[in-house]
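Note that the structure is predicted; figures quoted are calculated from it, not measured. A, B, ... follow the sequence lines: proteins, then strands. Residue 1 opens every chain.
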Protein chains: 2
Amino acid sequence: MRRLILSAAHDIFKEKGYDGLNIRSIAERIEYSPATIYLYYKDKNEIFYALQYEAAAAKRDHLLPALSIEDPWKRLIEFGRLYVDFGLKHPDWYDLLFLTRAPMEHIENQQCWTLGMATHSFFVETVQACVDARFFKSTDTETIAYTLWCHAHGMVSLFVRERMRMYPPEVRAELAKKSFAMIVKMAESL
Amino acid sequence: MRRLILSAAHDIFKEKGYDGLNIRSIAERIEYSPATIYLYYKDKNEIFYALQYEAAAAKRDHLLPALSIEDPWKRLIEFGRLYVDFGLKHPDWYDLLFLTRAPMEHIENQQCWTLGMATHSFFVETVQACVDARFFKSTDTETIAYTLWCHAHGMVSLFVRERMRMYPPEVRAELAKKSFAMIVKMAESL
DNA sequence: GTTTTTACTAAACACTGTTCAGTAACTTTG
DNA sequence: CAAAGTTACTGAACAGTGTTTAGTAAAAAC
């Protein structure tokens, strides 16, 4: 039953986005009363957590191809490229993971957090591998990882939350590509 | 009357944040009925636009000290520093300006947009001045500006939307500082 | 066959944004 | 001055949220 509810929530989220998702629409889709949902999920936040987990899993799957790249520098680049690609292709998922205000209070206890942290750790480890291989002059792995992440996240969130209106729609993706290339260049001389 | 409503909205927003702000709470504070508000503002979005303008003005004021710096490179650095500083000090304003999903549809017509664009133009012009002064090897002003903006915005939004839980609270500001220094270093060799 | 447990829901509550019919006071007009 | 019109405002409602509670019908256990 939990699966049924979550699956319906998933579908509605994909169809109508965040705003179109509400308890009554889920209930209608699974042909149960709204009250029934509360027998299986404490509140709407819990459904959100579960959806965030789906998003985290989708993100992990999207990044998976980078895992198998031997060379740490190439792996880092591909990881970053795929990260941005995921955000641009699945703005709703990205939004849910990194831009939603709502339910962060006890997220640390959730599977979603574990999954997200695993992906993040992989990223940091790749940066560490680059540091170990003397790809950078700097050895401050944490700051390097954070800096690169900020840039990628900044790009995606400006896009997702539509703060790129000063650029015509058709140049936005191109600009993101150029900026990504630029940060790679910058990182090379770090 | 419009001023009265907006001033109340402003206060409530500062006190209770985005979520505590609703029509009835504004009405209560100014001691009018909720319906009255609709005589002066079309809907809640219009009040939002007005608040966004306040936020944009607050941001401009915060960045003002950078304007008078002669040296373009120093000006750019100080501008960036103040930008991040504004975001960390006034997360609610920053949120309203760059992270709120809601009312972006017709924002281009709003004063807020004009004000925000002016600030943004100043930023791009400063980058252009650096390019003209051969501070960078690259001459792609647009991409440089966008890249720097993405990094700053990424830092602030990860902070504002509380996606830095993997770092202990006390290191977050420090990490931001280090990352800012790092992007400056990176930009120097751009 | 009676009792207990399970699975579910209708109806309500409290809270949103928003609208509309109506009212009381002030202004204009004959 | 009285009638008509205009202005400023509101009570009450509507529709849409998340959520709770009392109750019911069916299945399971005894």
Side-chain angles (χ1 to χ4, degrees), chain A residues 1-55 92 95-96 99-107 109-110 112, chain B residues 1-55 92 95-96 99-107 109-110 112:
Chain A
M1 188 61 165
R2 283 187 126 235
R3 282 217 172 283
L4 185 64
I5 293 170
L6 194 62
S7 158
H10 179 119
D11 292 347
I12 293 167
F13 179 78
K14 283 214 295 180
E15 283 168 30
K16 317 244 178 120
Y18 182 103
D19 296 328
L21 180 62
N22 57 54
I23 301 289
R24 281 174 174 83
S25 68
I26 297 172
E28 195 178 349
R29 177 159 310 218
I30 63 174
E31 292 182 306
Y32 281 85
S33 99
T36 305
I37 288 166
Y38 287 87
L39 300 174
Y40 300 94
Y41 285 96
K42 201 184 105 241
D43 53 23
K44 201 185 170 181
N45 276 353
E46 278 214 342
I47 299 176
F48 250 81
Y49 290 140
L51 267 184
Q52 267 181 325
Y53 179 79
E54 303 255 310
D92 284 340
D95 194 308
L96 203 54
L99 292 168
T100 301
R101 194 200 326 265
M104 283 281 104
E105 298 90 43
H106 301 98
I107 191 72
N109 306 324
Q110 303 298 126
C112 168
Chain B
M1 188 62 166
R2 283 187 126 235
R3 283 216 172 283
L4 184 65
I5 292 169
L6 194 61
S7 158
H10 178 118
D11 292 346
I12 293 166
F13 178 77
K14 283 214 296 182
E15 283 168 29
K16 317 245 180 117
Y18 182 103
D19 295 329
L21 180 62
N22 57 55
I23 301 290
R24 280 174 176 83
S25 67
I26 296 172
E28 196 177 349
R29 176 160 310 218
I30 63 175
E31 292 182 308
Y32 281 86
S33 98
T36 304
I37 289 167
Y38 287 88
L39 299 175
Y40 299 93
Y41 285 97
K42 204 185 102 241
D43 53 22
K44 200 185 170 181
N45 277 352
E46 277 214 343
I47 300 177
F48 250 83
Y49 290 141
L51 267 184
Q52 268 182 325
Y53 179 79
E54 303 254 310
D92 283 340
D95 194 307
L96 202 55
L99 292 167
T100 302
R101 195 201 322 265
M104 284 280 104
E105 298 89 42
H106 301 100
I107 191 72
N109 305 326
Q110 303 299 128
C112 167

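Rounding to whole angstrom units, CD1 of residue A/Ile5 and P of C/dA7 are separated by 13 Å. Distance, B/Asn45 CG to C/dG17 C1': 11 Å, rounded to whole Å. Residue B/Asp43 contributes atom CG, which lies 14 Å from atom C1' of C/dT16 at whole-angstrom precision. Atom CZ of A/Arg24 is separated from atom P of C/dT9 by 14 Å (rounded to the nearest Å). We find that CD1 of A/Ile23 is positioned 20 Å from P of C/dA11, with the value rounded to whole Å.
Among residues two or more places apart in sequence or in another chain, the salt bridge (Lys or Arg N to Asp or Glu O under 4.0 Å) test is passed with B/Arg24 by none.
Of the possible polar contacts, none joining the B/Asn45 side chain to the B/Phe48 backbone as a donor-acceptor pair under 3.5 Å is found.
The minimum heavy-atom distance between A/Ser33 and A/Ala27, with the atom names listed, is C-CB, 3.8 Å. When all heavy atoms of B/Gly20 and B/Ser25 are compared, the closest pair comes out as O-OG, 3.6 Å.
If you take OH on B/Tyr41 and OH on B/Tyr49, they are separated by 13.5 Å, rounding to the nearest 0.5 Å. For the atom pair CG (B/Leu51) and CG (B/Leu96), the distance works out to 6.0 Å, reported to the nearest 0.5 Å.
In this structure, the side chains of A/Met1 and A/Thr36 come closer than 4.5 Å at one or more pairs of heavy atoms. Between A/Ile47 and A/Ile37, some side-chain heavy-atom pair lies under the 4.5 Å cut-off.
Under the salt bridge (Lys or Arg N to Asp or Glu O under 4.0 Å) criterion, the residue pairs touching residues 25-49 of chain B are B/Arg2-B/Glu46, B/Glu15-B/Arg29, with sequence neighbours excluded.
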All N/O donor-acceptor pairs, side-chain side in residues 3-13 of chain B, below 3.5 Å, sequence neighbours left out:
unit_1  : atom_1 : unit_2  : atom_2 : d
B/His10 : ND1    : B/Glu54 : OE1    : 2.5

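Direction change of the helix axis from one end of the helix from C/dG1-D/dC30 to C/dG30-D/dC1 to the other is 30°, with five pairs defining each end axis (rounded to 10°).
Looking at heavy-atom distances under 4.0 Å, A/Tyr41 makes no contact with the nucleic acid at all.
In the 5' to 3' direction, nucleotides of DNA chain D lying under 4.0 Å from heavy atoms of chain B begin and end at D/dC9 to D/dA13.
DNA chain C is contacted by B/Ala35, B/Tyr38 of residues 26-39 of chain B, taking any non-hydrogen atom closer than 4.0 Å.
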